[in-house]
Q: 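For reference, the structure I am asking about is given below.
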Amino acid sequence: MQRRTLLTTGAAAATAAAFGLPARADGHGPLKVGFIYVGPIGDGGWTYQHDQGRLDVEEAFGDQVETVYQESVPEGADAERAITQMALNGADIIFTTSFGYMEATNTVAGNFPDIKFEHATGFMRDHDNVATYDARFYEGRAVIGHIAGRMTNTNKIGYIASFPIPEVIQGINSAYKHAKAANPDVEMVVIWVYTWFDPAKEADAAKAMIEQGVDVIMQHTDSTAPQAAAAEANAAGGTVYTFGQASDMAAFAPMPRIASIIDDWGPYYVKRVGQVLDGTWESGHSWGGMPEGEVVIGEITDVVPAEVKAEAEAMIAAITAGEYHPFTGPINKQDGSVFLAEGEVATDLQLVQMDFYLEGFEGDIPN
Amino acid sequence: MNIDIAVFLASMMVAATPVIFAAIGELVVEKSGVLNLGVEGMMITGAICGFILANATGSVFLGVVAAAIGGALLSLIFATLTQFLLSNQVATGLALTLFGIGLAALLGKPYEGVRVDVIQPISIPVLSDIPVLGTILFSHDPLLYFGLFIVFAVWWFLTKTRGGLILRAVGESHDAAHALGYNVVRVRILAIMFGGACAGLGGAYLSLLRVPQWTENVTAGVGWIALAIVVFASWKPGRLLIGAYLFGGIGFLQLHLQVENVPIPVEVLNASPYIATIIALVILSAGKSGRSNAAPAALGQPFHASR
């Protein structure tokens, strides 16, 4: 490990000496904006949306910027190599778009102090040239959780979860709380698939849920495979509802996809690249949600009764206006202890450290 | 527990089928003495070829045929490079995977989010009405049965026919086979193309049936699992079937167990298909059969007739 670090540092120094970094400092050439993606840009979900954000940057700045990206970069050790490669190729700012790139991003940032790094959904900023950004997905989860609670006939809601990290747990808790509020008989089952993207496994998880009586499926994975599995079950006479995740997944509307949570990264990417161009970029943490337009609920289809749709829209309006926070007390933890007292609102710190289920939830979070 | 065993076993067979196709093809390739690491690339190429044709013609059958042809054509690149130009098989195979994934992504761009009619299961009359067994064994799609048929056919071909003997001879000692007058390169090219076609079918099973849709990288590593299963099955079709069912079955079972909320750590459940498959196949091959478990002696070695 140490030798590896030494090698990367050496390579960085050598390159900096040989070519002089960065080229744009003297006003020559476009700003090079890099993106590291965890899946393929055609996943129809998470990575697709980040790539839409990249295209927004190109559109906003035209010739002033040049964008590069690398797809399907595994989280872990290989990410460090990919990010270093992009830095060596002259990127001026690099967006690393998955939680698992957190350590790698910070390590590489230490080696390239002149390059700016933006890490999505993480919290680690070891260097002045690292910023983090996230979106309040749990706001969207509250809305679809409510719809799920109202739509289920079997009272069994399934949640395909990726990794046991706070971002995912927030989503599960938010969806559970609002489903339960809409329908006290609701039970939620979680499958941890330990991957962001594996269509066959995601489809199998959806099938396993459907076979066991789940009729509303939410996912925190990136492919549209669960939607396809639900569509197949519906074609065979079932009634299974799903929600688009990260992207609209409109191809599966009006059934099984009855609504969606859309991540819109464009505004943030355009803002940050603009700041690099005019020299005002600073490290920090950004956490936008519905008010900022980063989390959007896609079209609620006509399969959803008008009454339920109206309730959902009212919740969207309240969250957008800042009148309602999905984690407003009283909320107890799974073990019965108090998480939030009556009327108390969760702080951002409490949210990013969330590592427990809420009261009434069955099952344990893997360590 | 309320897992319906019959439905579960039926789903397990579906989950195992892509691996079975890819692995049985690779088994034949390796038996001929060629190591083709491009399984993943051939699978995903088959997946998109099948999807495109099924989408264009509305016929899933034509899609399946296209998948086999697509996989075989891609494997022909590998065959040309390794058999005529004597390139390194490991490097060429890896390159084939990278090329296949890229090619499939390119071909598949217009098909993201497109729906296709999936293959409908056929219920075999009378037999499918048998309780439990009928659900498990006799109510699948035709392609799944074809996969089982191929495994049986490969076993029969390798052990009972003269052609199989020649193929194995080529894989064990290409010089001896050549001295006896057999065309080593031709045998190997045919084996490689068979492997490509099977991998293509496995890919089509994913994109047309198990997932079923086109998404970039839809195979997500199944080809590598297939390669591993061939080795752990010590190049025997029967064990390969056991390995694939164990892997597919436990992979699917652990998802069910998570829904059931059984008190086993999720990490253990997620690792269980790998652990169980490896242990089972190692125990199987640790028996008295001893040396017969060894890989084909000429595996991965280039052959040039003038030597």
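Every chain is numbered from 1 and lettered A, B, ... according to where its sequence line falls, protein lines coming before strand lines. Both backbone and side-chain heavy atoms feed into the values below; hydrogens, waters and symmetry mates do not.
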Q: Does any heavy atom of chain B fall under 4.5 Å from the side chain of A/E202, the backbone, both, or neither of them?
A: neither

Q: Rounded to the nearest 0.5 Å, what separates atom NE2 in B/H256 from atom CD in A/Q212?
A: 5.5 Å

Q: Around A/Y48, counting heavy atoms of other residues, nucleotides and ligands shown, do more than 12 lie under 6.0 Å from its OH?
A: no

Q: Tell me whether B/F99 at atom CZ has more than 12 heavy atoms from other residues, nucleotides or ligands lying less than 6.0 Å away.
A: no

Q: State whether the number of non-hydrogen atoms from other residues, nucleotides or ligands found under 6.0 Å of A/N332 atom CG is greater than 12.
A: yes

Q: Looking at A/T224 and B/T215, what are the two nearest heavy atoms and their distance?
A: OG1-OG1, 4.2 Å

Q: Which residue out of A/G42, A/P40, A/P366 racks up the most heavy-atom pairs below 4.5 Å with chain B?
A: A/G42

Q: Please report the interatomic distance CG(B/L257) to CD1(A/I191), rounded to the nearest 0.5 Å.
A: 9.5 Å

Q: Under 4.5 Å, heavy atom to heavy atom, which residues of residues 217-226 of chain B contact chain A?
A: B/N217, B/V218, B/A220

Q: What's the shortest heavy-atom distance between A/K201 and B/N270, and which atoms?
A: NZ-OD1, 3.0 Å

Q: Heavy-atom distances under 4.5 Å only: say whether A/V190 touches chain B with side chain, backbone, both or neither.
A: backbone

Q: Measure across B/V266 and A/W192 and return the closest heavy-atom pair with its distance rounded to 0.1 Å.
A: CG1-CB, 3.5 Å

Q: Locate the shortest heavy-atom distance separating A/I41 from B/K109; write the atom from each residue and the value.
A: CG1-NZ, 3.9 Å

Q: Just verifying a value: how many Å separate A/K207 NZ and B/S11 OG, rounded to the nearest 0.5 Å?
A: 7.5 Å

Q: May I ask you to name which of A/E362, A/M209, A/E71 has the most heavy-atom pairs under 4.5 Å with chain B?
A: A/E362

Q: If I compare all heavy atoms of B/E267 with all of A/Y194, which pair ends up nearest, and what's the gap?
A: CG-OH, 3.6 Å

Q: Considering residues at least two apart in sequence or located in another chain, which fulfil the side-chain hydrogen bond (donor to acceptor under 3.5 Å, both in side chains) criterion with A/S247?
A: A/Q49

Q: Is A/A228 in contact with chain B via its backbone, its side chain, both, or neither, using a 4.5 Å heavy-atom distance?
A: both

Q: Only pairs of heavy atoms separated by less than 4.5 Å count here; which of A/T195, A/D204, A/V189 has the most with chain B?
A: A/D204

Q: Please determine whether the number of non-hydrogen atoms from other residues, nucleotides or ligands lying under 6.0 Å from atom CD of A/E59 exceeds 12.
A: no

